[in-house]
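Here's the structure we're looking at; comments come further down.
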Amino acid sequence: MTRLILGSASSSRARILTQADVRFTVRVSDVDEPAAVAAAQEKLGDEQLSPALEAQLLADLKAAAVANLPGINSRPSVMVLGCDSVFELDGASYGKPYEVDVAVQRWKQMRGRTGVLHTGHALVDAATGARAQRTVSTRVSFGEPTDAEIQAYAESGEPLTCAGGFTIDGRGSAFVDRIEGDHLSVIGVSPAALHSMLAELGHSIIDLWSPPPR
């Protein structure tokens with residue numbers, strides 16, 4: 001029987017998979033994201049690491065880190081899913097703001113404008129090392145929140161641990177005018193991407209559904 005491990009502590013990703021009736025367990029990776037990005041950029045030299053490639057790189061590393069854990073890498077039919085999101089505005093990458101002042105500054109840059117949220121997905125067969133990848137990129141158009149609304153939103157804490165400093169399934173949804181693409185990937189993970197990656201590795205998403213009641 002196929003088993004899925006989500007290599008992420010994100011409650012949003014867990015909620016999406018649960019709502020899609022995908023059975024999974026959670027093992028959080030210990031990837032040092034800033035160090036990984038810095039190492040990748042150093043290898044590229046003068047060429048800039050794009051936001052989409054950054055998201056996919058981190059997803060790959062997270063999935064690999066969990067798949068290689070003792071006791072997991074020897075199990076047959078265990079798939080490990082890694083995800084990471086990076087927001088792009090004017091070609092620059094924006095991850096989690098973490099601080100209120102940073103979130104406020106970001107929102108003043110974003111309001112009234114459109115950016116792209118890239119979510120990298122990596123699925124690894126823990127026993128064989130076979131891998132499938134998908135980067136889902138979605139355009140996000142923002143409204144015109146006032147300075148006071150931006151400050152209150154940042155101080156609420158909601159955007160501080162979200163890529164780009166916003167959500168579309170919480171308070172931040174009031175300040176998002178339009179989504180063009182896979183809205184679930186903006187929240188954290190695309191079930192459609194998971195379906196296609198499983199198929200690429202010879203599995204079906206229906207194997208992860210709960211059995212029908214008898």
Side-chain angles (χ1 to χ4, degrees), residues 1-29 31 33 51-52 54-67 78-88 94-96 115-126 131-142 156-176 178-201 203-212:
M1 182 176 65
T2 304
R3 291 182 53 208
L4 180 70
I5 297 175
L6 174 63
S8 171
S10 167
S11 59
S12 295
R13 292 186 179 118
R15 184 172 67 252
I16 290 170
L17 294 178
T18 299
Q19 289 172 343
D21 196 26
V22 172
R23 291 178 291 105
F24 66 96
T25 56
V26 173
R27 289 292 298 269
V28 180
S29 68
V31 173
E33 297 183 30
E54 180 179 334
Q56 189 60 59
L57 166 73
L58 293 173
D60 293 344
L61 292 174
K62 290 178 179 180
V66 174
V78 171
M79 304 288 117
V80 178
L81 176 63
C83 300
D84 197 85
S85 297
V86 175
F87 183 66
E88 177 180 359
Y94 294 95
K96 303 174 181 70
V116 181
L117 195 288
H118 304 282
T119 298
H121 300 71
L123 189 68
V124 176
D125 185 319
R131 175 178 309 207
Q133 302 168 308
R134 298 289 186 277
T135 302
V136 182
S137 300
T138 304
R139 289 171 59 84
V140 182
S141 298
F142 299 98
S156 77
E158 181 183 276
L160 302 187
T161 56
C162 300
F166 69 94
T167 66
I168 63 168
D169 60 341
R171 292 178 174 180
S173 61
F175 309 138
V176 175
R178 188 170 64 256
I179 299 291
E180 299 173 68
D182 187 333
H183 75 284
L184 292 176
S185 74
V186 177
I187 299 172
V189 61
S190 166
L194 175 60
H195 171 231
S196 65
M197 290 188 297
L198 283 165
E200 184 177 326
L201 297 182
H203 299 270
S204 173
I205 199 166
I206 66 174
D207 297 330
L208 298 175
W209 291 349
S210 300

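Residues L194 and V189 have side chains not in contact (no heavy-atom distance under 4.5 Å, counting atoms from C-beta outward). Side-chain contact between K62 and E33 is present, with heavy atoms from C-beta onward closer than 4.5 Å. Between R23 and S210 the shortest side-chain heavy-atom distance falls below 4.5 Å. By the 4.5 Å heavy-atom criterion applied to side chains, L81 and R13 are not counted as neighbours. Using a 4.5 Å heavy-atom threshold, the side chains of L208 and L198 count as touching. At a threshold of 4.5 Å between non-hydrogen side-chain atoms, the residues S85 and L117 count as touching. Within the 4.5 Å cutoff, the side chain of H203 has heavy atoms near those of the D125 side chain. Within the 4.5 Å cutoff, side-chain heavy atoms of P191 are placed close to those of I16.
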### Task
Kindly determine whether L4 and L123 satisfy side chain to side chain contact (heavy atoms under 4.5 Å, CB included), including the steps that lead there.
CA-CA 9 Å; L4 180 70; L123 189 68; 3.9 Å; yes
### Message
Between D169 and S12, does the side chain to side chain contact (heavy atoms under 4.5 Å, CB included) criterion hold? Intermediate values first, please.
### Response
CA-CA 9 Å; D169 60 341; S12 295; 4.0 Å; yes
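How far CE of M197 is from OG of S190: 8.0 Å, rounded to the nearest 0.5 Å. In this structure, the separation between CD1 on I206 and NE2 on H195 is 8.5 Å, given to the nearest 0.5 Å. The line from NZ of K96 to CG of L160 is 12.0 Å long, rounded to the nearest 0.5 Å.
More than 12 heavy atoms of other shown residues, nucleotides or ligands fall within 6.0 angstrom of atom CZ in R131.
Remark: the R134 side chain and the S196 side chain contain an N/O donor-acceptor pair separated by less than 3.5 Å.
Exactly one residue among H118, E180, E88 makes a side chain to side chain donor-acceptor pair (under 3.5 Å) with S137. That residue is H118.
Scanning all heavy atoms of the two residues, the minimum distance from C83 to H121 falls at SG-CD2, 3.9 Å. In terms of heavy-atom proximity, T167 sits nearest to V176 at O-CG2, 4.2 Å. Taking every heavy atom of both residues into account, A59 and G120 meet most closely at CB-O, 3.3 Å. Summarising the geometry of S29 relative to A65, their closest heavy-atom pair is CB-CB, 4.1 Å, with the distance given to 0.1 Å. Among all heavy-atom pairs drawn from G7 and V66, the shortest one is CA-CG2, 4.0 Å. Here the closest non-hydrogen pair linking A192 and D182 is CB-OD2, 4.5 Å.
Of the possible polar contacts, one joining the T119 side chain to the S185 backbone as a donor-acceptor pair under 3.5 Å is found. Under the 3.5 Å distance criterion, the side-chain polar atoms of Q56 are left unmatched by any main-chain donor or acceptor of Q133.
Using a 30° and 60° split on the angle between ring planes, F87 and Y94 fall in the tilted class, from 30° to 60°.
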